[in-house]
**Student:** 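Submitted below is the structure of interest, expressed as structure tokens.
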Amino acid sequence: FLLMSATLGDMTRIANELSELTNRDTVTVSSVQRPIPLHYYYVETPIQESLEELLATKQVPVYVVHFSQIEAIDRAQALMSINVCTREEKDRIAELIAGFRFAPGFGKTLNRLVRHGIGVHHAGMLPKYRRLVEQLAQAGLLKVICGTDTLGVGINVPIRTVLITALSKYDGTRTRPLKVREFHQIAGRAGRAGYDTAGTVVVQAPEHVIENAKAMAKAQAKFGDDQKKLRQVVKKKPQAGFVSWGKPTFEKLVDGTPEPLTSSFNITHSMLLNLLERPGDPFAAAKKLLTSNHETRSSQLALMKKALSIYRELKTAGIVEVLPEPDSDGRTVRLKVHLQPNFALNQPLSPFAMASLEILDPESPSYALDVVSVIEAIMEKPRQVLSAQEKKARGEAVAAMKSEGIEYEQRMALLEEVTYPQPLAELLEQSFEVYRSGAPWLGEFELSPKSIVRDMYERAMSFGEYVAFYSLARSEGVLLRYLSDTYKALLHTVPPERLREDLEDIIEWLGELVRQTDSSLLDEWEELAAGIDSSAGSEPVLPPAPEKLTGNTRAFRVMVRNEMFQRVKLFADEDDAALGALDGGAGWDAGRWADVLDAYFE
């Protein structure tokens with residue numbers, strides 16, 4: 001086996017343990033010398049000037065590292081004032097993307113940026129947009145790419161220079177300085193093998209430091225060495241919450257060695273159940289597992305107590321029984337239940353979802369959408385989408401409360417109860433408590449009732465309309481992945497006897513909606529299932545066009561129905577402007593709709 005990493009630091013302990021586990025020699029090959037050396041610079045010039053300098057000295061392509069998606073997009077748009085590409089390069093880009101399908105919203109923004117030679121790359125983008133940016137960069141046509149610090153993971157972009165905008169980041173809990181390991185993972189992407197003799201890493205000083213240096217240079221040009229006048233220059237202070245860093249931090253990170261790896265071992269219900277399924281004495285196996293890890297002794301003792309607690313819980317629930325004597329495989333205890341294949345690896349709550357379908361009434365008019373809600377409750381939360389839904393719901397609630405004359409304090413109290421839509425929440429949570437009493441290992445998993453697929457269907461919206469309605473342009477990729485995963489879960493989880501024609505229509509509609517938006521996620525899944533290797537050969541810049549929409553009759557029927565229903569709702573609201581916006585190009589402008597509305601309601 002060959003184990004490779006650029007940032008593991010001291011490997012002595014891991015090497016020794018590999019030898020103990022395998023009874024083979026382990027050789028560590030370690031070097032801090034890169035095949036392509038890096039040159040590090042700390043600059044106190046505004047980022048626009050830094051980039052113009054890099055462009056002028058041909059140190060491109062440049063990846064500009066930000067620590068939030070919003071900053072990356074805002075920076076890219078701000079760079080439109082710089083002339084990044086030659087006329088010939090812009091013509092070549094226009095030629096390559098001539099047939100590419102850019103959707104409204106962020107697609108329109110990206111179209112404008114890439115034609116100028118500027119790319120954007122982050123996890124919230126649609127996969128087809130990320131792939132387009134990567135392919136244009138590989139062709140040498142994007143000179144500046146603004147992205148997030150995840151560039152070290154799964155990004156296929158050749159980079160000459162990495163420009164880092166800050167040396168601190170928000171890690172989901174707090175803002176903290178970058179670790180040496182993180183810094184070297186980001187910086188290490190500079191320098192293209194086979195192209196560059198060296199890579200460049202530029203770190204921007206904090207904004208307030210840059211502005212103060214600029215103000216001081218201006219004052220010195222005006223007052224010379226007059227210290228009294230220079231002391232009167234007003235210095236800008238850092239923003240509230242700024243975590244202090246500067247040139248000493250930069251030097252420490254450049255010269256530092258990556259921090260040692262730390263263990264994050266834990267024991268779970270599913271891990272213990274899998275141990276009990278194995279041949280041999282499960283107590284001996286558990287003891288070995290809980291004492292031969294890299295945790296501290298006190299942490300190991302705490303994990304042993306937790307394991308005993310889980311074991312007692314399983315025994316009390318009747319899931320585990322003690323055998324009077326070991327069986328033929330050496331087990332002293334055995335499971336009284338059989339785990340589903342790939343237990344706890346793929347949708348661990350799927351069996352609960354299947355059991356919950358039993359309590360739904362197949363004759364109910366809402367049955368099809370209730371099945372969707374059951375499946376949505378076992379899916380992971382797409383945080384950005386749920387946050388946007390909650391914000392929208394609270395905005396509408398405030399407007400309603402104001403119109404009813406509710407006082408501010410009461411409004412604020414009532415607002416705490418407003419959240420994103422959660423259909424069947426009470427029923428599902430009660431069912432989950434009952435189900436979990438017979439399957440206590442599910443205690444480590446969270447049921448999360450939500451409505452995204454159902455909400456989109458009930459609002460009769462397309463992907464683009466839904467993105468615009470909730471202002472999700474910066475999180476299109478997150479929404480699409482959720483829709484794709486829910487589609488797969490519906491196909492895999494709902495048994496044939498639970499299907500109904502309207503439910504099958506919804507599943508077909510959802511699959512077609514994902515394909516028409518960006519088919520790559522479903523294509524990858526279907527190729528994996530079929531055993532096709534799609535990584536061989538180079539990909540074309542233009543992804544294949546989706547199948548004709550009218551080819552899937554069931555999905556097309558649902559989409560037409562949704563479009564018509566959207567007009568029915570707008571008609572009921574007497575919203576001639578919105579109806580005109582939808583249909584003005586067909587001759588039904590706002591004025592024509594207004595005439596029809598007046599006549600109808602009269």
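Values in this document were obtained by computation on a predicted structure and should not be read as measured data.
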**Student:** If you count heavy atoms of other groups shown closer than 6.0 angstrom to CD of E207, is the number above 12?
**Tutor:**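 Incorrect, the count does not exceed 12.
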**Student:** Applying side-chain hydrogen bond (donor to acceptor under 3.5 Å, both in side chains), can you list everything that pairs with E376, at least two apart in sequence or on another chain?
**Tutor:**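 For E376, the residues satisfying side-chain hydrogen bond (donor to acceptor under 3.5 Å, both in side chains) (neighbours in sequence not counted) are Y482.
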**Student:** Looking at residues at least two apart in the chain, or sitting in another chain, which of them share a side-chain hydrogen bond (donor to acceptor under 3.5 Å, both in side chains) with R297?
**Tutor:**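 Partners of R297 by the side-chain hydrogen bond (donor to acceptor under 3.5 Å, both in side chains) criterion, ordered by chain and then number, come out as Q300.
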**Student:** In chain order, what residues pass the side-chain contact (heavy atoms from CB on, under 4.5 Å) check against D255, with sequence neighbours excluded?
**Tutor:**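 Residues passing side-chain contact (heavy atoms from CB on, under 4.5 Å) with D255: none at all.
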**Student:** For F283, check ring-ring contact (aromatic ring centres under 6.0 Å, His included) against everything at least two apart and list the hits.
**Tutor:**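 Expected list: Y311.
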**Student:** Could you tell me which residues satisfy side-chain contact (heavy atoms from CB on, under 4.5 Å) with A388, sequence neighbours excluded, listed by chain and number?
**Tutor:**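 Expected list: Y470, L472.
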**Student:** Quick one: which residue pairs count as a salt bridge (charged side-chain N to carboxylate O under 4.0 Å, His left out) with a foot in residues 65-78, not counting sequence neighbours?
**Tutor:**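 Listed once each, the pairs are D74-R474.
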**Student:** Which residues satisfy the side-chain contact (heavy atoms from CB on, under 4.5 Å) test with K306, sequence neighbours excluded?
**Tutor:**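 With neighbours one apart ignored, the set is N266, I267, I310.
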**Student:** Is any NZ, NE, NH1 or NH2 atom of the basic residue among D518 and K128 found under 4.0 Å from an Asp or Glu carboxylate oxygen of the other?
**Tutor:**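 Result for this pair is no, no salt bridge flagged.
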**Student:** Please tabulate, for the side chains in residues 35-45, all donor-acceptor contacts under 3.5 angstrom to protein atoms that are two or more places apart in sequence or on a different chain.
**Tutor:**
unit_1, atom_1, unit_2, atom_2, d
Y42, OH, K247, N, 3.4
T45, OG1, S50, OG, 2.8

**Student:** Excluding sequence neighbours, so at least two apart, what forms side-chain hydrogen bond (donor to acceptor under 3.5 Å, both in side chains) with K315?
**Tutor:**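 Expected list: none.
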**Student:** Among residues at least two apart in sequence or on other chains, which ones pass ring-ring contact (aromatic ring centres under 6.0 Å, His included) with Y435?
**Tutor:**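 In terms of ring-ring contact (aromatic ring centres under 6.0 Å, His included), with neighbours along the sequence ignored, Y435 is linked to F352.
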**Student:** Could you go through residues 15-22 and list every donor-acceptor pair under 3.5 Å that involves a side-chain atom there, pairing it with any protein atom two or more places apart or in another chain?
**Tutor:**
unit_1, atom_1, unit_2, atom_2, d
N16, ND2, T12, O, 3.4
E17, OE1, H294, NE2, 2.8
E17, OE2, R13, NE, 3.4
E17, OE2, H294, NE2, 3.0
S19, OG, A15, O, 3.4
S19, OG, R24, O, 3.2
S19, OG, T26, N, 3.3
S19, OG, T26, OG1, 2.9
T22, OG1, L18, O, 2.7
T22, OG1, R24, N, 3.3

**Student:** Check this for me: does any side-chain nitrogen of one of E134 and R131 sit under 4.0 Å from a carboxylate oxygen of the other?
**Tutor:**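 No, this pair does not count.
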**Student:** Quick one: list whatever passes side-chain contact (heavy atoms from CB on, under 4.5 Å) with E52, sequence neighbours left out.
**Tutor:**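 E52 satisfies side-chain contact (heavy atoms from CB on, under 4.5 Å) with Q48, I82 once adjacent residues are dropped.
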